[in-house]
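Numbers for residues simply follow the sequence, beginning at 1.
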Amino acid sequence: MSMLTPPGMGGKYRITGNRYPRMRRRRNRLRIVLVSFAALFALSLGGWGTLQLIDIFSGGSSASAAGSSAKGEDAAGCATDAKTGDADGGRSGKRPELPEPGSIKVNVLNATDRSGLAQSTADALEKRGFKIGKVANAPEEFDKKVDNTGLVMGAPGKESDARLKVLGTQFGDVDTRFDDRKGDDVDFVIGKKYDKLAAEKDADAALARLSKPEPSRSGSGCEN
């Protein structure tokens with residue numbers, strides 16, 4: 001009988017071998033589960049905070065995207081108004097307002113030594129729809145002093161500038177000058193290089209270019 005066998009139990013409950021049972025602590029499974037969930041929550045919170053910081057330092061890309069969706073963009077990436085489809089919400093790139101030739105009164109002044117040139121030029125302009133005012137020789141300050149095709153002159157201001165541009169399409173190399181006049185009439189001072197009006201198709205093409213919308217002020221190349 002083994003010395004470890006309790007008295008009276010005989011050999012039936014003999015403990016044999018070299019290994020003995022050891023006492024182990026019961027694992028607290030609930031605690032492990034809670035710790036795991038806490039760690040997962042902390043990681044999720046940290047990731048969300050990181051995304052918010054990225055959004056802030058990138059200039060609010062989410063807000064910009066929302067604004068772009070509301071306002072809309074065209075195929076070139078230009079902002080368009082959701083209702084009208086106009087680039088930049090219709091605030092830039094507007095088609096310029098141009099007067100009709102019939103509303104422009106032109107004084108034709110000859111600054112060359114070729115006689116009769118002012119009248120023939122006035123007749124040609126009248127055939128193209130312009131209203132003719134005074135036909136005469138140019139003042140002394142311009143007499144034989146205009147070296148290019150000619151000079152178009154008028155009062156300062158947006159409307160006068162538009163009239164001069166429309167008149168300028170009928171010629172080639174002309175200069176523009178503003179003076180202190182009060183009326184709406186404009187002058188064409190004939191220069192030394194003037195021969196005749198520009199070909200009608202060329203004048204129409206130049207006028208069409210003036211009628212095109214102006215480029216957007218953003219400089220991105222967007223146009224209406």
Side-chain angles (χ1 to χ4, degrees), residues 84-219 221-224:
T84 64
D86 292 337
D88 198 24
R91 291 189 297 273
S92 64
K94 293 182 179 180
R95 186 179 296 274
E97 297 291 337
L98 296 177
E100 295 294 331
S103 66
I104 303 174
K105 183 178 179 181
V106 184
N107 303 314
V108 183
L109 309 175
N110 186 6
T112 72
D113 56 3
R114 291 175 285 172
S115 62
L117 192 56
Q119 187 61 58
S120 62
T121 302
D123 293 342
L125 286 172
E126 189 174 27
K127 288 180 180 180
R128 294 193 180 181
F130 291 88
K131 187 185 299 184
I132 303 302
K134 181 170 63 174
V135 179
N137 291 325
E140 185 178 354
E141 60 178 311
F142 298 116
D143 188 31
K144 300 179 181 62
K145 298 176 183 177
V146 180
D147 295 327
N148 60 351
T149 300
L151 175 67
V152 290
M153 299 174 54
K158 185 177 180 180
E159 293 182 359
S160 179
D161 182 59
R163 286 191 288 268
L164 293 177
K165 285 180 178 179
V166 172
L167 178 60
T169 62
Q170 307 302 311
F171 312 103
D173 178 25
V174 292
D175 292 331
T176 301
R177 183 179 299 182
F178 300 104
D179 54 24
D180 57 356
R181 75 182 67 192
K182 301 298 182 182
D184 295 335
D185 61 327
V186 296
D187 296 346
F188 172 55
V189 182
I190 303 175
K192 296 177 182 178
K193 292 184 179 180
Y194 175 79
D195 181 27
K196 58 183 178 179
L197 298 185
E200 194 166 358
K201 63 177 183 178
D202 294 335
D204 291 342
L207 188 60
R209 286 193 295 271
L210 283 179
S211 301
K212 285 185 178 181
E214 298 175 354
S216 173
R217 290 189 298 270
S218 61
C222 300
E223 295 186 3
N224 288 353

TODO: Could you walk me through whether Q170 and F130 pass side chain to side chain contact (heavy atoms under 4.5 Å, CB included), step by step?
DONE: CA-CA 11 Å; Q170 307 302 311; F130 291 88; 3.6 Å; yes

Quick one: [atom1] on [X] to [atom2] on [Y], what's the gap to the nearest 0.5 Å?
X    : Y    : atom1 : atom2 : answer
K131 : I104 : NZ    : CD1   : 10.0 Å
D175 : N148 : CG    : CG    : 4.5 Å
T121 : L197 : OG1   : CG    : 6.5 Å

TODO: Mind jotting down which residue pairs meet the salt bridge (Lys or Arg N to Asp or Glu O under 4.0 Å) criterion with at least one end in residues 193-210? Sequence neighbours excluded, please.
DONE: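 Applying salt bridge (Lys or Arg N to Asp or Glu O under 4.0 Å) to every pair that reaches into residues 193-210, excluding sequence neighbours, yields nothing.
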
Open item on the list: Please list all pairs meeting salt bridge (Lys or Arg N to Asp or Glu O under 4.0 Å) that have one or both residues in residues 110-126, counting only residues at least two apart or in different chains.
Closed with: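 Every candidate salt bridge (Lys or Arg N to Asp or Glu O under 4.0 Å) pair involving residues 110-126 fails, so no pair, neighbours aside, qualifies.
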
Task: Backbone N/O of D184 and side chain of R163: donor-acceptor pair under 3.5 Å - done: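 Yes, R163 side chain to D184 backbone: donor-acceptor pair under 3.5 Å.
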
Please give me the minimum heavy-atom distance between [X] and [Y], naming the atom from each residue.
X    : Y    : value
A203 : R128 : CB-NH1, 3.9 Å
T169 : L207 : CG2-N, 3.9 Å
A118 : N110 : CB-CB, 3.8 Å

TODO: Just grab all the ring pair (Phe, Tyr, Trp, His ring centres under 6.0 Å) pairs involving residues 171-209, residues at least two apart or on different chains.
DONE: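 Qualifying pairs: F171-F188, F188-Y194.
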
Show the atom names and distances, to 0.1 Å, of all donor-acceptor pairs under 3.5 Å that link a side chain in residues 152-160 to residues at least two apart or in another chain.
| unit_1 | atom_1 | unit_2 | atom_2 | d |
| --- | --- | --- | --- | --- |
| S160 | OG | A155 | N | 3.2 |
| S160 | OG | A155 | O | 2.5 |

TODO: Tell me, please, which residues at least two apart from D187 pass side chain to side chain donor-acceptor pair (under 3.5 Å).
DONE: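 If we apply the side chain to side chain donor-acceptor pair (under 3.5 Å) test to D187, skipping adjacent residues, the hits are N107, R181.
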
Task: Heavy-atom check, side chain of L151 versus side chain of R177, under 4.5 Å - done: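 In short, these two side chains touch, coming nearer than 4.5 Å.
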
Throw together a table of side-chain donor-acceptor distances under 3.5 angstrom for residues 134-146, partners on residues two or more places apart or in other chains.
none

Open item on the list: Are there over 12 heavy-atom neighbours, none belonging to K192, within less than 6.0 Å of that residue's NZ?
Closed with: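 Yes.
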
